[in-house]
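In what follows, chains are A, B, ... by sequence order, proteins preceding strands, each numbered from 1.
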Number of protein chains: 2
Amino acid sequence: MLTQPEIVERLRKWGVRVTPQRLAIAEAVLNSTDHPTVQQIHERVRDHFPSMTLATIYSTLGVLERSGLIQELPFEKMSRYEANMEPHVNLVCIQCENVMDADVGQDVVVRLKNRISSQAGFEVAWQRVDFYGWCPRCASAKRQEQTAPV
Amino acid sequence: MLTQPEIVERLRKWGVRVTPQRLAIAEAVLNSTDHPTVQQIHERVRDHFPSMTLATIYSTLGVLERSGLIQELPFEKMSRYEANMEPHVNLVCIQCENVMDADVGQDVVVRLKNRISSQAGFEVAWQRVDFYGWCPRCASAKRQEQTAPV
DNA sequence: TTTACTGCAAAGGGTTTGCATGAGG
DNA sequence: CCTCATGCAAACCCTTTGCAGTAAA
C-alpha cells in the first residue's frame with residue numbers, strides 16, 4: 001500500500017502527468033485487496049469524478065502497469081487488477097467469484113521462482129499464481145448442503 | 001497425452017456426442033504442448049475439416065473443459081488452451097510469446113497446493129502457475145544485444 | 001505556452017448466440 | 001427417429017482508438 005506522494009513520485013519518474021483522475025484511480029486500485037475490475041474501479045471513483053469514462057480508466061491502468069505499480073490479471077470474461085507486486089498466491093473462489101491474496105505461501109513462490117531461473121534457464125520478470133476453488137465461507141456452505149440437501 | 005479411445009470414453013461419460021470434429025479438436029489440443037489459441041487449433045484441423053468454423057471450436061473447447069480434459073488460460077488478447085492438467089509451471093516468453101510447460105517445479109506446485117489447503121482453509125480445485133519473462137533463446141539474444149548494441 | 005490527458009463516440013475483435021440443416025446413438 | 005452438433009451469420013461486450021476541448025508543468 002503506497003502513500004499518495006509515493007504514487008506521484010512513481011508516476012513522475014515515468015514522465016507522465018499526474019492528474020486528479022489518475023491519482024483517484026491509482027488509489028482505488030492500490031488501496032484495494034480484492035483485485036477490482038474496471039467496472040468496480042469506475043464505481044469507486046464515480047462519486048468524486050462523475051464524468052469519468054471507462055476509456056480514462058483503461059488508459060490510466062495501462063500507465064500504472066507500465067510503471068510497475070499494478071499487474072493486469074486476465075480472466076475469462078474480463079481483467080482484474082492486482083496491487084500486490086510481491087510474489088504471492090491468489091485465491092479465486094469459483095462460487096462467490098471473489099479473488100483474494102493468500103496470506104501463506106509467499107516463500108514457496110519465491111523458491112519456485114528461483115528454481116525456474118536456475119534450472120529451466122528462464123529469466124523470470126514476474127509471475128502469476130492462481131489457485132481456483134472454494135473459499136472458506138463457500139466451502140463450509142457446500143459441505144452443509146451436501147450433508148442436508150434440499 | 002490421451003489415446004483416441006480414452007478421449008471417446010471421457011466424452012461419452014459426460015453424455016455428449018462424439019463427432020469427428022470433436023475428436024479432431026480434442027486431439028489437436030491434447031497432443032499439443034504449445035498451449036494453442038483457437039486460431040491455431042483452427043489451422044490444425046482445417047486440412048481435415050475445411051468447413052469447420054470457430055463457433056464449433058469454441059463449443060467443443062467448452063465441452064472439453066467441462067469434461068476436465070483441458071483448461072482455458074485467459075491472456076490479455078485471447079485465451080490459450082492447456083492440455084496438461086497436472087500441477088506444473090507455465091513459462092510465458094514476453095519476447096517470442098511462446099508458452100511452454102516447465103520441466104521442473106511440479107513438486108513445488110504440489111507442495112504449494114497442500115499448504116494452501118491446510119493453512120488457508122481454501123479447498124483447491126485446480127491452479128494456474130505462470131512465470132513471465134525471457135525463454136532461454138530470447139534471453140541469450142537479449143544478452144548479445146546488450147553486449148554489442150547496434 | 002506546449003504537451004499530453006480527459007471525455008465522448010465509434011470502431012475493433014475475441015467470443016457467444018440463434019437458427020436451420022445434418023449427423024450421432 | 002429423436003436429440004443434439006455443425007455451420008453460418010449476427011449479436012455481444014470488453015477494450016481500444018480518434019478527436020476536440022482542457023488542464024498539467
Requested in this report: With sequence neighbours excluded, tell me which residues meet salt bridge (Lys or Arg N to Asp or Glu O under 4.0 Å) with A:D103.
Outcome: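 Counting only residues at least two positions away or on another chain, A:D103 forms no salt bridge (Lys or Arg N to Asp or Glu O under 4.0 Å).
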
**Report entry** Residue list, salt bridge (Lys or Arg N to Asp or Glu O under 4.0 Å) with B:E27, at least two apart or on another chain
**Finding:**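 Partners of B:E27 under the salt bridge (Lys or Arg N to Asp or Glu O under 4.0 Å) test: none.
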
Query raised in the report: Can you check the B:L11 CG to D:dC4 P distance for me, whole Å?
Result: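 Going from CG in B:L11 over to P in D:dC4 covers 16 Å.
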
**Report entry** B:Q21 CD to D:dC4 P, straight-line distance once rounded to whole Å
**Finding:**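 To the nearest whole Å, that distance equals 18 Å.
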
Report task. Please state whether the rings of A:F75 and A:Y132 are parallel, tilted or perpendicular, taking 30° and 60° as the class boundaries. Result ->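 A:F75 vs A:Y132 ring planes: perpendicular.
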
I'd like to know if the side chain of [X] and the backbone of [Y] have a donor-acceptor N/O pair within less than 3.5 Å.
X	Y	result
A:S59	A:A55	no
B:E65	B:G62	no
A:H48	A:R46	no
B:H88	B:V109	no

Query raised in the report: So what is the end-to-end bend of the helix from C:dT1-D:dA25 to C:dG25-D:dC1, with 5 pairs used at each end and the value given to 10 degrees?
Result: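 Between the axes fitted at each end of the helix from C:dT1-D:dA25 to C:dG25-D:dC1 lies an angle of 50°.
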
Requested in this report: Please work out which residues in residues 32-60 of chain A have a non-hydrogen atom less than 4.0 Å from an atom of DNA chain C and list them by number.
Outcome: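 Of all residues in residues 32-60 of chain A, the ones placing a heavy atom under 4.0 Å from DNA chain C are A:S51, A:M52, A:T53, A:A55, A:T56.
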
Query raised in the report: Near DNA chain C, under 4.0 Å by heavy atom, which residues of residues 65-82 of chain B?
Result: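 Those residues whose heavy atoms fall under 4.0 Å from DNA chain C, taken from residues 65-82 of chain B in numerical order, are B:K77, B:M78, B:S79.
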
Query - Base versus backbone protein contacts along nucleotides 19-25 of chain D [heavy-atom cut-off under 4.0 Å; B, S, -] - result: ----BBS

Would you say [X] and [Y] make side-chain contact, with heavy atoms under 4.5 Å?
X	Y	value
A:I94	B:W126	yes
A:E72	A:L61	no
A:R137	A:N98	no

Query raised in the report: If we ignore angles and hydrogens, is there a donor and acceptor under 3.5 Å between the side chains of B:H35 and B:N84?
Result: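 Absent: no donor and acceptor within the cut-off.
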
Query raised in the report: Below 4.0 angstrom, N of the basic side chain to O of the carboxylate: do B:D107 and A:R115 qualify?
Result: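 Between A:R115 and B:D107 there is a salt bridge, with a charged N closer than 4.0 Å to a carboxylate O.
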
**Report entry** Test: B:E82 and B:R128 ion pair at under 4.0 Å
**Finding:**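 No, this pair does not count.
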
